[in-house]
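First comes the structure, then the notes that go with it.
By convention in this document, chain letters (A, B, ...) are assigned in the order of the sequence lines, proteins followed by strands, and residues within each chain are numbered from 1.
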Number of protein chains: 2
Amino acid sequence: MRSPAELSTEFRSLGLKVTPQRQLLFRLLHDNTSHPSAEALFDIASNQMPGISLRTVYQTLTDLALMGELQSFDFGNGAARFDPNTGAHHHLVCTACGEVADVYVDGADRLHLAGGSGTDGPDGFDGFVVASTDIVFRGRCANCCDDPSAAASRPAEATPPGGSHSPQFTDPALPTRRKP
Amino acid sequence: MRSPAELSTEFRSLGLKVTPQRQLLFRLLHDNTSHPSAEALFDIASNQMPGISLRTVYQTLTDLALMGELQSFDFGNGAARFDPNTGAHHHLVCTACGEVADVYVDGADRLHLAGGSGTDGPDGFDGFVVASTDIVFRGRCANCCDDPSAAASRPAEATPPGGSHSPQFTDPALPTRRKP
DNA sequence: TTGGCGATCTGCATGACATGCAGATACGGT
DNA sequence: ACCGTATCTGCATGTCATGCAGATCGCCAA
Ligand SMILES: [Mn+2]
Ligand SMILES: [Mn+2]
Ligand SMILES: [Zn+2]
Ligand SMILES: [Zn+2]
């Protein structure tokens, strides 16, 4: 996405207002490679602007995505992740800690599709017209490889003491029965 | 996933019970290529077994996934989709109607990753060890290409008259403001 | 600089999806 | 047919996201 200054100009030119909340989010998102969720962004924003509302973070993220300044992804980690990198790229997703990293795939556009049923269409497959391609590599990030235990203790995201309420990123286990 | 008969044997051999609810779901899932959500499966199951509980559908799907008989995917359509096709394959997802179709990608395993930052690791990238690769092609299915209007009226899933409560699959629009 | 229109913010309600829980039920070995 | 226990069902709870309405404030004009 563009710089905070450019976004401010763009917003004004569209008749939208440049509020301090929006400016803060512009800054927090610019060059941000962490693929934050709305709530993660809200936590950081709350530090610099204590009264800011989670609702406003959602609104602004939605607006920016609608304007094409942000991409939003759902990696199945419970919450949507937002990405100011609007170029064509793909992602590594750690199944242990949820971390997301950018990756550039050589030849992602020239993937050859082979049939499930039917014949190829003009621009796609079986009449399906492909608009975009998302590639997600799932595995374990460097931190989580080192630490064979469950969720890695990444800096600035140590284990929540009060008790975790976020989805478990532990790798799949074998069939487990309910408690007796 | 395996046949209902094989699954019954497998369940019993694990000390799990073969209930009519499970048998029904085995049948509904076997060779099912529709990538149903839990609720979609529940609707169909309810026809053949009126009292069945949505909770049981979730339980059984979770158990089958844990046993490796099913894959579950989250395409960002609101609900997880379940897939008895456990082989390596990828997906076409219609952004207009939510339909999911299998697709086989030539050379998906030999994708060449290029850096975001850092050096390649032994088995992956920048210390990231890839365990699986998911490729999703988003676009419009044949039905939705024909019908330029919004959600296509697929058979057996006509527009809910009472009022839609599922995510809008309409393609992204331009920045829209709230009502005055 | 001040006035005022209307977009925006905030707080709360509502909604979709998924899981935890406990008593009633029924599978399956005996 | 009996019994132990896995399972089912109904409901409560939890998370993420959006709808709503009154208070607030950005921004253009006078
Ligand atoms: Mn990215
Ligand atoms: Mn599939
Ligand atoms: Zn990790
Ligand atoms: Zn479609």
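- Across the helix from C/dT1-D/dA30 to C/dT30-D/dA1, the helix axis at one end is tilted relative to the axis at the other end by 30° (nearest 10 degrees, each axis from five pairs).
- Closest contact between the side chain of B/T19 and the listed nucleotides D/dT7, C/dT19, C/dA7 involves D/dT7.
- With sequence neighbours excluded, the residues satisfying ring pair (Phe, Tyr, Trp, His ring centres under 6.0 Å) with B/F73 are B/F75, B/H91.
- For B/Y58 and C/dA18, the shortest distance from a side-chain N or O to OP1 or OP2 is below 4.0 Å.
- Ranking C/dG28, D/dG10, C/dC17 by closeness to the B/S53 side chain, first place goes to D/dG10.
- Straight-line distance from the CG atom of A/L54 to the P atom of D/dG19: 14 Å, rounded to whole Å.
- Legend: residues meeting salt bridge (Lys or Arg N to Asp or Glu O under 4.0 Å) with B/D134, ordered by chain and number and at least two apart, are A/R138.
- The side chain of A/K17 sits closest to C/dT8 out of C/dT19, D/dA6, C/dT8.
- Pairs of residues two or more places apart, or lying in two chains, never qualify as side-chain hydrogen bond (donor to acceptor under 3.5 Å, both in side chains) while including a residue from residues 36-49 of chain A.
- Under the ring pair (Phe, Tyr, Trp, His ring centres under 6.0 Å) criterion, A/F82 pairs with no residue, sequence neighbours left out.
- The phosphate of C/dC27 (OP1 or OP2) has no side-chain N or O of B/Q21 nearer than 4.0 angstrom.
- Atom CG in B/L61 sits about 10 Å away from atom P in C/dT19, given to the nearest Å.
- Judged as a ring pair (Phe, Tyr, Trp, His ring centres under 6.0 Å), and not counting sequence neighbours, A/F42 has no contacts.
- Computed from coordinates, the A/L14 CG to D/dC27 C1' distance equals 15 Å when rounded to whole Å.
- Out of D/dT9, D/dC27, C/dC9, the shortest distance to the side chain of B/R55 is found at D/dT9.
- Counting only heavy atoms from C-beta outward, the side chains of A/S3 and A/H30 approach each other to under 4.5 Å.
- Side chain of A/R12, nearest nucleotide from C/dA18, D/dA17, D/dC27: D/dC27.
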